[in-house]
Amino acid sequence: MSLKIKFCGNFNLDKTLNCGQCFRWYKVGDVWNGVVSGYAINCWVDNSELNIDSKLDDLNFWINYFDFDTDYGFILDNARKIDTVISRAISENSGIHVLRQEPWETICSFIISQNNNIKRISGIINSLCKNFGKYKSGIYTFPGADIISRLSIDDLDVIKAGFRAKYILNAAQKVSSGVIDFDKIHRLNTENASKKLQSIQGIGPKVASCILLYGFHKLDAFPIDTWMKKVILKFYKNMDQDYFGKYAGVIQQYLFLWSRNHPDLF
DNA sequence: GCCCAGGGAATCG
DNA sequence: CGATTCCATGGG
């Protein structure tokens, strides 16, 4: 029931769970409560150890979810050399890990994220789980694509997703029917995987990038949202994505958080 | 009332 | 093509 992951690198649980990549975590005191793969989890950091309390009693699962097998020290040391803006963004927010989240939950969550704010995104996702997930010892599971695919637009009215409801249904239908196959997307390169995801209504370049980064761990996926547009306009007007290298997605994570923490700069 | 929110589809020129 | 407009909803 209680696991510990000892880490030697720079890992920051607060920033990892609070950087906009996940929506089912909230903090009570020093403890983060979440729902991952249908299980409740409570976790906290103490003395360079991540303490995990969950019925999903599988150390390797959590090492994978929190991405402790990726060498962020190596990635960030190289990223710092690119320029001083990136270097500063990393210094102010060091310790972000890119979580390995479930593809379907990530697809659904980032469809809901479009033209929306993080607080309301969490609210809609919670409502989706409460209305259509399974109740299981205090938490609601994330409803599978098969369950959602059998709903109508009217059924989804209760979650108040607005114009995104039809997109959620289209995604659920394509996933549950196998038109969108997660194994195939894993095998495609980022560009082609993005094109495949964009065959779902409501998924464009930005949402596809988020899904590939957070749901398929493709670290070269580079989501450009309203905040990143401001960063690019100010510092990277003439650069293309190659400038950021093959870990552009990790760098994006830092620039995103940095820009939000310094709105005065933009 | 206005504008904005981790955008994308539809339409127009 | 690129640029503009509309989409639901809630908060500031």
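In the text below, chain A, chain B and the rest are named by the order of the sequence lines, each starting its count at 1. Values below: all heavy atoms of this structure, side chains included; hydrogens, waters and symmetry mates excluded.
By the salt bridge (Lys or Arg N to Asp or Glu O under 4.0 Å) test, Arg100(A) pairs with Asp67(A), sequence neighbours left out. The salt bridge (Lys or Arg N to Asp or Glu O under 4.0 Å) test applied to Lys195(A) returns Glu191(A), not counting sequence neighbours. For Gln101(A), the side chain to side chain contact (heavy atoms under 4.5 Å, CB included) partners two or more places apart in sequence, or in a different chain, are Gln21(A), Cys22(A), Tyr65(A), Leu99(A), Thr106(A), Tyr214(A). In this structure, the salt bridge (Lys or Arg N to Asp or Glu O under 4.0 Å) partners of Lys27(A), at least two apart in sequence or on a different chain, are Asp14(A).
Applying the side chain to side chain donor-acceptor pair (under 3.5 Å) test to every pair with at least one member in residues 46-56 of chain A, sequence neighbours left out, gives these pairs: Lys4(A)-Asn51(A). Residue pairs that meet the side chain to side chain donor-acceptor pair (under 3.5 Å) test with at least one member in residues 226-242 of chain A, sequence neighbours left out, are Asp83(A)-Tyr236(A). Every pair passing side chain to side chain donor-acceptor pair (under 3.5 Å) that includes a residue from residues 151-160 of chain A is listed here, sequence neighbours excluded: Ser152(A)-Asp155(A). Identified under the ring-ring contact (aromatic ring centres under 6.0 Å, His included) test for residues 148-190 of chain A, with sequence neighbours left out: Phe182(A)-Phe216(A), His186(A)-Phe216(A). Residue pairs meeting the ring-ring contact (aromatic ring centres under 6.0 Å, His included) criterion with at least one partner in residues 23-52 of chain A, sequence neighbours excluded, are Phe23(A)-Phe110(A).
Atom name P, nucleotides dG10(C) and dG8(B): the rounded distance is 22 Å, in whole Å. Atom P of dC6(C) sits at a distance of 23 Å from the matching atom of dG6(B), rounded to the whole Å. The same atom, C1', is picked in dC3(B) and in dC7(C); the two are 16 Å apart, to the nearest Å. Using atom P as the reference point in both dC2(B) and dT5(C), the two lie 15 Å apart (nearest Å). Spacing of C1' atoms, dA8(C) relative to dC4(B), comes out at 14 Å, to the nearest Å.
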What string of B, S and - do you get for nucleotides 2-8 of chain B, 5' to 3', if B is base contact, S is sugar-phosphate-only contact and - is no contact with any protein heavy atom under 4.0 Å? ---BBBS
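The hydrophobic clustering, which links ILVMFWY residues whose side-chain heavy atoms are closer than 4.5 Å, places Ile96(A) and Phe7(A) apart.
Heavy-atom contacts of chain A under 4.0 Å fall on DNA chain C between two terminal nucleotides, which in 5' to 3' order are dC7(C) to dG10(C).
Residues from residues 153-162 of chain A with heavy atoms under 4.0 angstrom of DNA chain B: there are none.
Side-chain polar atoms of Lys174(A) and Asn170(A) form a donor-acceptor pair below 3.5 angstrom.
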